[in-house]
Structure formats: C-alpha cells, structure tokens
Amino acid sequence: MGIQNWSENIMLVDLPAEPEIADEMKTVISLVVDRGDCDVVIDFSSVDIVTSSSLSSMLRLRKLLNDCGKRLVSATWLRRQRGFFENNRD
C-alpha cells in the first residue's frame, strides 16, 4: 500500500481497505495540489467496499485533476465495485 511515483507524470496510489482510504485520499489530494502536473492511477485491489466518504474524496480528486488537464485512472476493481461505477457514469 502507499503512494509511488511511476514517472514524473504519473502517481500510483495503492489504496488500503476502509477506514484508511479517507486518510490516504487526503494525502493524495495534498500531493496533487503541490505537484499539479501528474495523472493519478488508483489501484483498488485491497479495497472491499467504497464508502460515500471515500467516493466523495475520489470525486474531489477527479475534479482537481480535470481542472489541471490531468486524468484519474482506476485499476484492479473487484467485479461488484466495477459494476457500480459502470452503472453510474456521468
């Protein structure tokens, strides 16, 4: 788990399980604000559930990245998580 710089343009976030997601997302948002120049890939392989608080943090991160012309990419979803997000797109 943790945050890694894949390159100068890409940050990888290996999210922990709840309830630690909120703290990890605060750290990621802070790093993105400081850097302002990277795409973010979030690995959900350790995540069982996504709470409304975690979802809110992810939406804040996505908006921040979109405003900077960068992307939020999600990876390694469990089937039930992926189905939720596929059914609730913008």
Side-chain angles (χ1 to χ4, degrees):
M1 288 177 238
I3 301 168
Q4 304 170 34
N5 290 312
W6 266 2
S7 71
E8 63 185 49
N9 300 321
I10 301 173
M11 181 187 308
L12 172 65
V13 180
D14 185 7
L15 281 184
E18 288 288 359
E20 289 85 17
I21 291 177
D23 289 337
E24 190 81 354
M25 291 303 296
K26 286 178 187 176
T27 301
V28 171
I29 290 170
S30 177
L31 289 170
V32 168
V33 167
D34 289 345
R35 285 182 61 167
D37 65 347
C38 65
D39 295 321
V40 177
V41 177
I42 297 182
D43 181 350
F44 286 86
S45 60
S46 298
V47 177
D48 293 350
I49 61 169
V50 178
T51 65
S52 59
S53 176
S54 299
L55 183 57
S56 176
S57 294
M58 285 182 254
L59 291 172
R60 271 195 309 274
L61 178 60
R62 186 181 77 169
K63 180 176 180 353
L64 175 65
L65 291 167
N66 284 344
D67 290 348
C68 297
K70 299 299 178 181
R71 297 183 311 153
L72 175 62
V73 178
S74 59
T76 322
W77 285 96
L78 297 175
R79 182 173 295 177
R80 66 178 178 267
Q81 295 164 337
R82 183 175 46 241
F84 172 80
F85 284 96
E86 287 174 348
N87 293 324
N88 293 290
R89 291 186 207 179
D90 291 337

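Because only heavy atoms are used, hydrogens play no part in the values below, and waters and symmetry mates are left out as well, while side chains stay in.
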- Any chain of hydrophobic side-chain contacts (each under 4.5 Å) joining V73 to V32? no
- Message: Just verifying a value: how many Å separate L12 CG and I3 CD1, rounded to the nearest 0.5 Å?
- Response: 9.5 Å
- Query: Rounded to the nearest 0.5 Å, what separation is found between the CD1 atom of I49 and the CD1 atom of I21?
  - Reply: 7.5 Å
- Query: Looking at residues at least two apart in the chain, or sitting in another chain, which of them share a side chain to side chain contact (heavy atoms under 4.5 Å, CB included) with R35?
  - Reply: N5, M11, D37, C38
- With the 4.5 Å side-chain cut-off for hydrophobic clustering, are W6 and V40 part of the same group? no
- Partner residues of S57 under the side chain to side chain contact (heavy atoms under 4.5 Å, CB included) criterion, sequence neighbours left out: M25, R60
- Message: With side-chain hydrogen bond (donor to acceptor under 3.5 Å, both in side chains) as the criterion, how do S7 and N9 come out once you've worked through the C-alpha distance, each side chain's angles and the decisive distance to 0.1 Å?
- Response: CA-CA 5 Å; S7 71; N9 300 321; 4.9 Å; no
- Could I get the full list of salt bridge (charged side-chain N to carboxylate O under 4.0 Å, His left out) partners for K63, not counting sequence neighbours? D67
- Task: Could you tell me the separation between the NZ atom of K70 and the CG atom of L64, rounded to the nearest 0.5 Å?
- Result: 12.0 Å
- Message: Using every non-hydrogen atom in the two residues, find where V41 and A75 come nearest and quote the distance to one decimal.
- Response: CG1-CB, 4.3 Å
- Item | Reported OG1-to-CD distance for the pair T27 and E20, which is rounded to 0.5 angstrom | 12.0 Å
- Message: Would a single hydrophobic cluster contain both V33 and I42, if residues Ile, Leu, Val, Met, Phe, Trp and Tyr are joined by side-chain heavy-atom contacts under 4.5 Å?
- Response: yes
- Item | Minimum heavy-atom distance S53-A22, with the two atoms named | OG-CB, 4.5 Å
- Item | S45 to D14 - nearest heavy-atom pair and separation | OG-OD1, 4.2 Å
- Message: Taking I10 as the starting point, is it possible to reach V28 by hopping between hydrophobic residues whose side chains are less than 4.5 Å apart?
- Response: no
- Item | Sub-4.5 Å side-chain heavy-atom contact between L61 and M58 | no
- Note on the structure: Interatomic distance, CG@L65 vs CG@D39, rounded to 0.5 Å, equals 7.5 Å
